[in-house]
Peer 1: 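First the structure, which I've put down as structure tokens, then a few questions once you've had a look.
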Amino acid sequence: MPERRRGITRRQVIAGFFVLIGLLMLVTYLPQLTDTKPTLSKLIFGIPGPVLPVPTAPTQVGIAIFYVVAGGLALVTRSPSLASRPSDTTHKPQISARTRVSTAMLWASAVLLFPMILIWATAGKQANVVVIIIETLRSGTPIALGALAGIYAERSGVVNIAIEGMMLTGAAFGFAAYVATGNIWFGVLAALLLGGLIALLHGLLSISFKVDQVVSGTVINILAIGVTGYMRRQYIIPKVSAIQTANTGQSLATLPEISIPGLAEIPILGPIFFIGKPIFFSMLILVLLTHIVLFYTRWGLRTRAVGENPRAADTVGINVSRTRYINITISGMIAGLGGAWLSLEKVGGFDDGMTAGKGFIALAAMIFGNWTPFGAFGGSMLFGFSEALGIRFQMLKVELFGGPVPTQFLQMLPYVLTVIVLAGLIGRSVGPAAAGKPYEK
């Protein structure tokens with residue numbers, strides 16, 4: 001049969017993007033190769049650590065050439081989806097060696113974006129790479145927790161766009177419990193419980209009452225904004241003012257930092273992974289635990305079965321509604337923990353709308369990771385890097401087109417990255433088959 005003609009594919013768009021970036025870099029940095037005093041980017045690896053001087057222009061030219069070659073090869077190579085397909089559909093289509101190489105080079109190009117941007121930003125300056133990685137992991141913590149919350153809900157067949165509201169509720173009620181009792185750990189527990197309770201409301205509307213799950217999630221997000229705003233004005237602000245007056249203006253504490261003995265002294269890896277605060281460590285543990293639960297336990301198998309084909313799961317004796325209720329409750333508790341990170345681990349306070357869209361970015365990270373824990377973690381760290389990069393740009397006073405990069409541009413980086421990742425890199429993504437569909441027994 002003749003091949004059906006197709007329009008421009010996402011692979012070609014990505015390849016064209018890298019070719020364009022490579023050409024722009026060549027135009028920018030080729031003239032600088034002849035400088036008698038080359039500009040150096042001084043990168044520090046460790047706290048403290050040795051300074052590694054990186055020649056800016058030669059390094060960027062090398063990356064640019066790789067981009068042009070990788071993008072050009074992908075443009076002239078047939079996409080795997082267009083590869084010849086045998087008539088026997090039980091066999092996978094053959095993918096040529098050149099296609100595999102071009103795909104690997106595209107992924108390598110995506111990874112090279114990080115050092116490319118860092119070297120551009122630190123030209124003539126210095127930056128601590130370990131500190132940037134630490135900022136990335138810490139900034140990505142609430143997004144990763146929100147993404148894990150989404151995985152538990154959607155893997156069981158419930159679309160959870162209420163993550164934003166659950167995080168906001170956890171942040172507000174967790175901090176309110178802290179100022180009421182003086183015990184910050186009680187605040188964390190309250191954030192978990194309130195996140196779970198508001199998730200149960202979402203479950204009641206979408207599972208039992210068969211309300212459209214997107215509408216239910218939207219209502220919960222709006223409800224959370226109103227309830228937390230009212231609580232802040234009527235209770236949190238007066239209570240915090242009274243506490244600060246009694247303590248002569250001293251600010252409230254955040255969760256204590258933990259250093260794991262023996263492991264924290266490991267060069268580079270120690271400060272990154274083994275020195276941090278409790279919710280950060282909880283996030284790392286939850287990523288691994290969620291992967292094990294979903295793919296190596298009976299409960300995980302039942303959850304995925306309910307999310308893909310609830311009627312078949314019901315036929316073999318799995319209680320669909322109960323499975324969904326339990327998973328949506330777990331989802332809300334994890335989202336509440338993400339809110340507690342904002343109010344109790346990072347800031348030591350609560351402001352209206354302090355989640356600032358992180359719940360929606362978490363959904364994008366979940367989709368980016370194809371509804372898998374490790375993939376969602378990677379997507380979350382991508383958005384965390386954009387936040388860390390914005391902070392670093394302001395500290396380094398990075399210039400663009402002859403002037404400093406505007407603060408507003410840096411603040412919108414995570415959201416622009418969300419659009420680029422979803423539209424350009426992911427495109428149409430297919431989640432669990434039954435997600436968003438109420439089950440009629």
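Positions are given from 1 along the sequence. Keep in mind it's a predicted model, so treat the numbers as computed, not measured.
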Peer 1: Would you say the side-chain atoms of Tyr152 and Asn160 include a donor-acceptor pair closer than 3.5 Å?
Peer 2: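 No - no donor-acceptor pair under 3.5 Å links their side chains.
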
Peer 1: Are Ser380 and Phe368 packed together at the side-chain level, in the sense that at least one heavy-atom pair is separated by less than 4.5 angstrom?
Peer 2: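 A side-chain contact is absent here, since even the closest heavy-atom pair is not under 4.5 Å.
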
Peer 1: Is there a donor-acceptor pair under 3.5 Å between the side chain of Ser156 and the backbone N or O of Ala153?
Peer 2: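 Such a contact is found between Ser156 side chain and Ala153 backbone.
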
Peer 1: Just verifying a value: how many Å separate Thr28 OG1 and Met25 CE, rounded to the nearest 0.5 Å?
Peer 2: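 Between Thr28 OG1 and Met25 CE, I get 8.5 Å after rounding to 0.5 Å.
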
Peer 1: Mind telling me whether Phe374 and His291 have parallel, tilted or perpendicular rings, with 30° and 60° as the class edges?
Peer 2: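 Tilted.
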
Peer 1: Could you tell me whether a side-chain N or O of Asn221 sits under 3.5 Å from a main-chain N or O of Ile161, the two making a donor and an acceptor?
Peer 2: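 Present.
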
Peer 1: Under 6.0 Å between the ring centres of Tyr178 and Phe186?
Peer 2: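 So the answer is no for these two rings.
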
Peer 1: Side chains of Leu148 and Pro373: closer than 4.5 Å at any heavy-atom pair?
Peer 2: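 Leu148 vs Pro373: side chains touch.
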
Peer 1: Could you check if a side-chain atom of Ile133 sits within less than 4.5 angstrom of a side-chain atom of Val130, using non-hydrogen atoms only?
Peer 2: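 A side-chain contact under 4.5 Å is absent here.
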
Peer 1: Can you list the steps and then say if Ser41 with Lys125 is a side-chain hydrogen bond (donor to acceptor under 3.5 Å, both in side chains)?
Peer 2: CA-CA 6 Å; Ser41 299; Lys125 308 179 183 72; over 6 Å; no

Peer 1: If you look only at distance, which donor and acceptor atoms sit under 3.5 Å apart when one is on a side chain in residues 206-213 and the other is two or more places apart or in another chain?
Peer 2:
unit_1: Ser206; atom_1: OG; unit_2: His202; atom_2: O; d: 2.7
unit_1: Ser208; atom_1: OG; unit_2: Tyr325; atom_2: OH; d: 2.4
unit_1: Lys210; atom_1: NZ; unit_2: Ile207; atom_2: O; d: 3.2
unit_1: Asp212; atom_1: OD1; unit_2: Val214; atom_2: N; d: 3.0
unit_1: Asp212; atom_1: OD1; unit_2: Val215; atom_2: N; d: 3.2
unit_1: Gln213; atom_1: OE1; unit_2: Val159; atom_2: N; d: 2.7
unit_1: Gln213; atom_1: OE1; unit_2: Gly436; atom_2: N; d: 3.2

Peer 1: Any side-chain heavy atom of Val347 sitting closer than 4.5 Å to one from Thr254?
Peer 2: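 No, side chains not in contact.
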
Peer 1: Give a yes-or-no answer on whether the side chains of Glu154 and Trp371 include a donor-acceptor pair shorter than 3.5 Å.
Peer 2: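 The criterion, which ignores hydrogens and geometry beyond distance, is satisfied for Trp371 and Glu154.
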
Peer 1: Please give me the minimum heavy-atom distance between Gly146 and Ala362, naming the atom from each residue.
Peer 2: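 Result for this residue pair: C-CB, 3.5 Å.
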
Peer 1: Got Phe377 and Leu382 here, is their nearest side-chain heavy-atom distance under 4.5 Å?
Peer 2: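 No, too far: nothing below the 4.5 Å cut-off.
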
Peer 1: Do Val227 and Thr169 have side chains that approach each other closer than 4.5 Å (heavy atoms only, starting at C-beta)?
Peer 2: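 No, every pair of side-chain atoms sits at 4.5 Å or beyond.
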
Peer 1: Would you say Leu294 and Leu301 make side-chain contact, with heavy atoms under 4.5 Å?
Peer 2: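 They are not in side-chain contact.
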
Peer 1: Output yes when a side-chain donor or acceptor of Glu164 lies under 3.5 Å from a complementary backbone atom of Gly359, and no otherwise.
Peer 2: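 Yes: the side chain of Glu164 pairs with the backbone of Gly359.
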
Peer 1: If you draw a 6.0 Å radius around OH in Tyr230, do more than 12 non-hydrogen atoms from other residues or ligands fall strictly inside?
Peer 2: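 Counting neighbours around OH of Tyr230, 12 or fewer heavy atoms of other residues, nucleotides or ligands fall under 6.0 Å, so no.
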
Peer 1: Are the side chains of Arg232 and Asp351 in touch, meaning some heavy atoms are under 4.5 Å apart?
Peer 2: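 Yes, their side chains come closer than 4.5 Å.
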
Peer 1: Have Thr122 and Lys42 got a donor and an acceptor in their side chains that come within less than 3.5 Å?
Peer 2: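 Result is no, nothing qualifies.
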
Peer 1: Could you check whether Phe175 and Phe350 have their ring centres less than 6.0 Å apart?
Peer 2: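 No, too far apart.
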
